[in-house]
Amino acid sequence: MKFEATPQEQLQILTTGVVDLVTREELLTRLEKSYQAGKPLVVKLGADPSAPDIHLGHTVVLQKMRQFQALGHEVVFLIGDFTGRIGDPTGKKKTRPALTEEEVKANAETYKAQIGKILDLGRTRLVFNSAWLSAMTFADVLKLTSQYTVARMLERDDFANRFKNQIPISVVEFLYPLMQGYDSVALKADVELGGVDQTFNLLVGRDLQKSYGQAPQVIMTLPILEGLDGKDKMSKSLGNYVGINEPPDQIYGKVMSIPDDLMGKWYDLLTDLTPAQLAEVKRRAGTEPKAVKMQLARRITAQYHGEAAGAQAEAGFEKLFGKTGDGLPEDLEEARLAAPAEGLSLVRIIVLAGLAPSGGEAKRLIQQGGVKVDQEKQTDQNRLFRHGDTFILQAGKRGFRKVILD
RNA sequence: GGAGAGAUGCCCGAGUGGCUAAAGGGGGCAGACUGUAAAUCUGUUGGCGCGAGCCUACGGUGGUUCAAAUCCACCUCUCUCCA
């Protein structure tokens with residue numbers, strides 16, 4: 001194949017926004033060779049098979065993948081199903097259950113549907129590491145483990161800290177980086193991408209490739225995106241994430257709720273503004289933070305749902321929270337509930353409508369003044385509603401339902 | 001293999017026989033204030049029940065007791081020191 005961009009141009013594009021690059025020279029050399037031979041580079045990205053919800057944090061790396069792809073390289077999306085199938089003992093009590101083959105497949109499909117919003121699926125290779133890992137014999141594993149020392153393993157921050165603080169480290173955990181590194185060997189990866197927290201694992205891949213007689217992969221790490229709380233990295237388990245599959249209103253609203261200090265970074269990592277535009281945005285952030293944040297929310301929403309949806313989400317937001325709005329969301333989710341003859345209490349309705357996980361929680365919401373029916377604050381948790389009643393129920397800041405009692 | 005320490009609610013952590021659904025902190029949620037921001041203040045934070053109350057819960061199992069997170073036995077797991 002032929003490449004449009006010269007190696008130098010490619011290098012320029014690919015290295016922007018990258019935290020660590022090991023090494024720049026190697027990358028350039030590979031790009032040159034690939035350019036001359038008309039042979040695309042193999043670019044690897046690994047994914048956890050058990051958490052198929054792609055969120056904005058993942059997109060930082062995926063966007064880099066797309067750049068490689070757009071330049072004509074071969075991107076490989078690797079699903080680490082092997083570890084998923086074995087189960088993960090590190091979680092102590094809640095030992096992650098081993099995923100079945102069906103679950104892995106289902107998750108892979110979910111991934112596909114989502115990464116398709118960013119990558120060109122037709123030119124993305126989807127692979128499972130069980131393909132080679134499950135075929136390894138114990139002797140193969142020993143050979144693999146003999147390539148690394150405990151001291152080197154303990155270089156990883158995570159391990160070093162736990163070791164120092166006397167927190168258990170399972171021996172299998174030492175195998176994970178080796179497995180991940182071996183994936184690079186199996187794929188003959190030219191480049192591996194990951195978040196900065198993956199640096200150690202990516203470096204292991206380099207070492208192993210050398211051990212197995214391959215040229216070591218170039219590694220590129222990208223910044224970690226903080227989640228909605230502005231403190232921790234965005235992750236599903238912390239609940240501070242924005243999934244790219246979420247409805248427009250959700251995405252818009254969630255983005256609006258991030259701390260101001262985070263706006264700059266989100267602009268950097270999640271939008272494709274030019275450096276000049278970014279500078280302008282950051283300058284304005286100090287004086288008109290709300291407008292700048294709304295623009296951010298709109299842009300991000302539009303990326304996954306289109307411009308129209310972005311604009312609509314913004315209008316909905318204004319209606320809901322703006323000074324001129326009526327405090328109601330644009331699209332109310334309906335909850336049709338079957339009402340018995342004696343009626344249904346407010347508490348039950350809140351639970352049945354899915355606005356609270358338990359009756360106790362619903363009562364709390366009412367007691368704390370967080371529940372409204374048709375915009376009126378409710379104080380009687382036992383208030384009865386009957387067959388035929390229709391009203392707008394609000395529980396908490398964000399929970400709205402149009403309730404219809406049949 | 002030997003000796004010792006430990007396992008408590010989402011997390012950290014107090015609690016050594018009843019007053020303990022379990023102090024305190026963090027986090028979460030709600031309210032006030034705002035820009036669904038931050039900061040601050042207040043409240044709340046196992047489940048069921050309108051309620052009296054009932055159920056579940058302090059690593060696991062069994063036991064002592066009118067009564068156990070607390071005492072005993074065994075088990076599981078973790079850490080430390082020695083070998």
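Order of the sequence lines fixes the chain letters, A, B, ..., with proteins taken first and strands second; residue numbering starts at 1 for each chain.
Of the N and O atoms on the side chains of A/H73 and A/Q10, at least one donor lies less than 3.5 Å from an acceptor on the other residue. A/Q180 and A/Q198 share a side-chain donor-acceptor pair at under 3.5 Å.
Side-chain to base pairing of A/R398 with B/U36: one donor and one acceptor N or O lie within less than 3.5 Å of each other.
When the P atom of B/A38 is taken as reference, atom CD1 of A/I258 falls 11 Å away, rounded to whole Å. The distance from atom CG of A/L365 to atom P of B/A30 is 7 Å, rounded to the nearest whole Å. Regarding A/I350, its CD1 atom lies at a distance of 13 Å from the P atom of B/C50, rounded to whole Å.
Between B/C50 and A/S345, no contact under 4.0 Å exists linking OP1 or OP2 to a side-chain N or O. The phosphate of B/A37 has neither OP1 nor OP2 within less than 4.0 Å of any side-chain N or O from A/S257. Contact check, A/R364 against B/G47: a side-chain N or O comes under 4.0 Å of OP1 or OP2. In this structure, A/K363 reaches the B/G51 phosphate: one of its side-chain N or O atoms is under 4.0 Å from OP1 or OP2.
Taking only side-chain atoms of A/N382, from C-beta outward, the nucleotide of B/G35, B/C29, B/C50 with the closest atom is B/C50. Considering only the side chain of A/S358, B/G47 comes nearest among B/U36, B/A30, B/G47. Here the side chain of A/D260 is nearest to one of B/G49, B/A37, B/U36, namely B/A37. Residue A/Q368 has its side chain nearest to B/C29 when only B/G49, B/C29, B/G27 are considered.
Note that A/K112 lies outside the cation-pi zone of A/F77, set by a 6.0 Å cut-off to the ring centre and a 45° limit from the axis.
The pair A/E342-A/R348 does not meet the salt-bridge criterion, since no charged nitrogen lies less than 4.0 angstrom from a carboxylate oxygen.
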